[in-house]
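Structure, as structure tokens:
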Number of protein chains: 2
Amino acid sequence: MGFGETFKALADPVRRRILTLLKGGRLSAGEIGSHFPVTGATISYHLSILKKADLIRESRQKTYIYYELNASVVEELLLWLSELKGETPNENHPGT
Amino acid sequence: MGFGETFKALADPVRRRILTLLKGGRLSAGEIGSHFPVTGATISYHLSILKKADLIRESRQKTYIYYELNASVVEELLLWLSELKGETPNENHPGT
DNA sequence: GAGATATTTAGAAAATAATCTAAATAAAAG
DNA sequence: CTTTTATTTAGATTATTTTCTAAATATCTC
């Protein structure tokens with residue numbers, strides 16, 4: 001919902017590391033939290049920021065809430081930055 | 001100097017608009033300021049943030065200080081985001 | 001339903017960021 | 001060297017962000 005929100009979400013090192021973790025597949029909030037020396041509440045806060053920026057998606061399953069990366073917003077960012085650089089953005093969609 | 005600084009610089013709408021303006025070529029601080037309803041001091045503050053993030057470069061000339069976009073940092077950002085997306089980043093260097 | 005585990009929400013404290021006004025610096029012109 | 005114009009720096013204020021502890025909610029298991 002706007003680049004400001006997205007860039008702001010990416011500005012925090014904890015949130016960038018969360019995204020990098022999620023690159024390897026979906027993880028529960030607890031699993032994510034175990035990688036950082038902060039409380040679960042703080043992780044929950046960071047997840048809410050990432051969620052608001054639409055960089056991650058959640059899915060409840062049993063007792064856990066799993067989070068996974070949402071690449072489509074990253075794509076929009078790539079486009080904006082490519083345009084800033086002054087290049088025609090590359091297409092790289094093997095499926096199309 | 002670290003992605004945090006760069007993303008933080010990009011998180012502000014005024015700073016993003018400054019970068020977009022500079023895409024069209026270098027501008028003095030005053031020329032940049034004339035596009036925004038804020039004081040020159042505030043523009044100077046935003047320019048200092050962009051400078052610290054190495055997103056812009058300055059060059060003094062006569063009474064003016066000109067600012068221009070520095071694309072190389074944008075390139076690093078593109079790489080990081082491409083990797084986050086899980087794709088091999090595209091090369092698009094016509095000169096090589 | 002009571003207890004256990006996972007996660008979020010609320011509220012407060014501390015740190016950081018954005019903006020302004022006023023003063024300082026820099027360079028050029030006279 | 002004084003004045004003018006361009007820009008930055010300093011200091012104060014207000015807003016936003018990050019983090020914590022404690023409490024609330026949700027979902028399972030018995």
Side-chain angles (χ1 to χ4, degrees), chain A residues 1-22 25-70 73, chain B residues 1-22 24-70 73 77:
Chain A
M1 293 269 187
F3 288 121
E5 222 162 15
T6 314
F7 281 125
K8 207 171 288 180
L10 289 168
D12 186 274
V14 170
R15 293 195 288 263
R16 283 198 307 282
R17 279 187 57 204
I18 289 175
L19 292 175
T20 303
L21 281 173
L22 292 179
R26 68 180 210 173
L27 294 172
S28 71
E31 287 167 331
I32 293 167
S34 73
H35 289 81
F36 301 92
V38 298
T39 65
T42 296
I43 291 296
S44 185
Y45 164 74
H46 284 304
L47 289 172
S48 80
I49 301 283
L50 290 169
K51 226 181 326 179
K52 233 179 3 190
D54 208 25
L55 282 162
I56 60 173
R57 294 218 171 109
E58 74 179 28
S59 57
R60 314 183 88 94
Q61 203 160 110
K62 295 192 82 175
T63 322
Y64 303 93
I65 301 179
Y66 287 97
Y67 289 92
E68 64 189 328
L69 207 58
N70 176 23
V73 177
Chain B
M1 293 266 191
F3 288 121
E5 222 161 14
T6 314
F7 281 125
K8 207 171 286 180
L10 290 166
D12 186 276
V14 170
R15 293 196 289 262
R16 282 198 307 283
R17 278 186 59 203
I18 289 175
L19 292 175
T20 303
L21 281 174
L22 292 179
R26 67 181 209 168
L27 293 171
S28 71
E31 287 167 332
I32 293 167
S34 73
H35 290 82
F36 301 92
V38 296
T39 65
T42 296
I43 290 297
S44 185
Y45 164 74
H46 284 304
L47 289 173
S48 78
I49 301 283
L50 289 169
K51 227 181 325 179
K52 236 181 357 194
D54 207 26
L55 281 162
I56 60 173
R57 293 217 172 111
E58 74 178 27
S59 57
R60 313 182 87 94
Q61 203 160 112
K62 294 191 82 175
T63 324
Y64 304 94
I65 301 178
Y66 287 96
Y67 290 92
E68 64 188 329
L69 209 56
N70 175 23
V73 177
L77 238 49

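Treat the numbers as computed from the prediction; the structure is a model and nothing was measured. In what follows, every chain begins at residue 1, and chains take the letters A, B, ... in the order their sequences are listed.
- The CG atom of A:Leu21 sits 5.0 Å away from atom CZ of A:Phe36, with the distance rounded to the nearest 0.5 Å.
- Atoms CD1 (A:Ile49) and C1' (D:dT16) sit 10 Å apart, rounded to a whole Å.
- In this structure, B:Ser28 reaches the sugar-phosphate backbone alone: every heavy-atom distance under 4.0 Å involves primed, P, OP1 or OP2 atoms, never a base.
- In this structure, CG of A:Leu47 is placed 13 Å from P of D:dT18, rounded to the nearest angstrom.
- Of all nucleotides listed (C:dT8, D:dT8, C:dC20), C:dT8 comes nearest to the side chain of A:Ser44.
- Of the candidate nucleotides D:dT8, C:dA18, C:dT9, C:dA18 has the atom nearest to the side chain of B:His46.
- Separating the CD1 atom in B:Ile32 from the CD1 atom in B:Ile56 is a distance of 6.5 Å, to the nearest 0.5 Å.
- Going from atom CZ of A:Phe7 over to atom C1' of D:dT17 covers 19 Å, rounded to whole Å.
- In this structure, A:Asp12 atom CG and C:dA17 atom P are separated by 11 Å, rounded to whole Å.
- Between B:Ile43 atom CD1 and C:dT19 atom P there is a gap of 9 Å when expressed in whole angstrom units.
- Between the side chain of B:Arg15 and the backbone N or O of B:Ala9 there is at least one donor-acceptor pair closer than 3.5 Å.
- When each of B:Val38 and A:Glu31 is assigned the nucleotide of DNA chain C with its nearest heavy atom, A:Glu31 is the one assigned upstream, toward the 5' end.
- Of the listed nucleotides (D:dT17, D:dT9, C:dT8), D:dT17 has the atom at the smallest distance from the side chain of A:Lys8.
- Atom CG in B:Leu10 sits 7.5 Å away from atom CZ in B:Arg16 (nearest 0.5 Å).
- Side-chain proximity of B:Ala41 to the nucleotides D:dT18, C:dT21, C:dT19 is greatest for C:dT21.
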#### Entry: Derivation of the side-chain contact (heavy atoms from CB on, under 4.5 Å) call for B:Thr63 and B:Arg60
CA-CA 8 Å; B:Thr63 324; B:Arg60 313 182 87 94; over 6 Å; no

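- Residue A:Thr39 has its side chain nearest to D:dT21 when only D:dT19, D:dT7, D:dT21 are considered.
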#### Entry: CA sep, side-chain torsions, deciding dist, call: A:Leu50, A:Ile18, side-chain contact (heavy atoms from CB on, under 4.5 Å)
CA-CA 9 Å; A:Leu50 290 169; A:Ile18 289 175; 3.8 Å; yes

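- Atom CD1 of A:Ile32 is separated from atom C1' of C:dT8 by 14 Å (rounded to the nearest Å).
- Contact between the side-chain N/O atoms of A:Tyr67 and the OP1/OP2 oxygens of C:dA6 is not found at any separation under 4.0 Å.
- In this structure, A:Ile18 places its CD1 atom 12 Å from P of D:dT18, rounding to the nearest Å.
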### Message
Using the rule given for side-chain contact (heavy atoms from CB on, under 4.5 Å), can you reason through B:Leu77 versus B:Phe3, listing the C-alpha separation, both sets of side-chain angles and the distance that settles it, and then say yes or no?
### Response
CA-CA 7 Å; B:Leu77 238 49; B:Phe3 288 121; 3.4 Å; yes

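- Taking every side-chain heavy atom of B:Ala29 into account, D:dT7 is the closest of D:dT7, D:dT19, C:dC20.
- Between A:Lys51 atom NZ and C:dT9 atom C1' there is a gap of 11 Å when expressed in whole angstrom units.
- Across all strands shown, A:Gly30 has heavy atoms under 4.0 Å from sugar-phosphate atoms exclusively, and none from any base.
- Screening B:Gln61, B:Glu68, B:Glu31 for a side-chain hydrogen bond (donor to acceptor under 3.5 Å, both in side chains) involving B:Arg26 leaves a single residue, B:Gln61.
- Closest to the side chain of B:Tyr45, out of C:dT19, D:dC20, D:dT9, is C:dT19.
- Of the residues in residues 56-66 of chain B, B:Lys62, B:Thr63 come within less than 4.0 Å of DNA chain C through at least one heavy atom, sorted by number.
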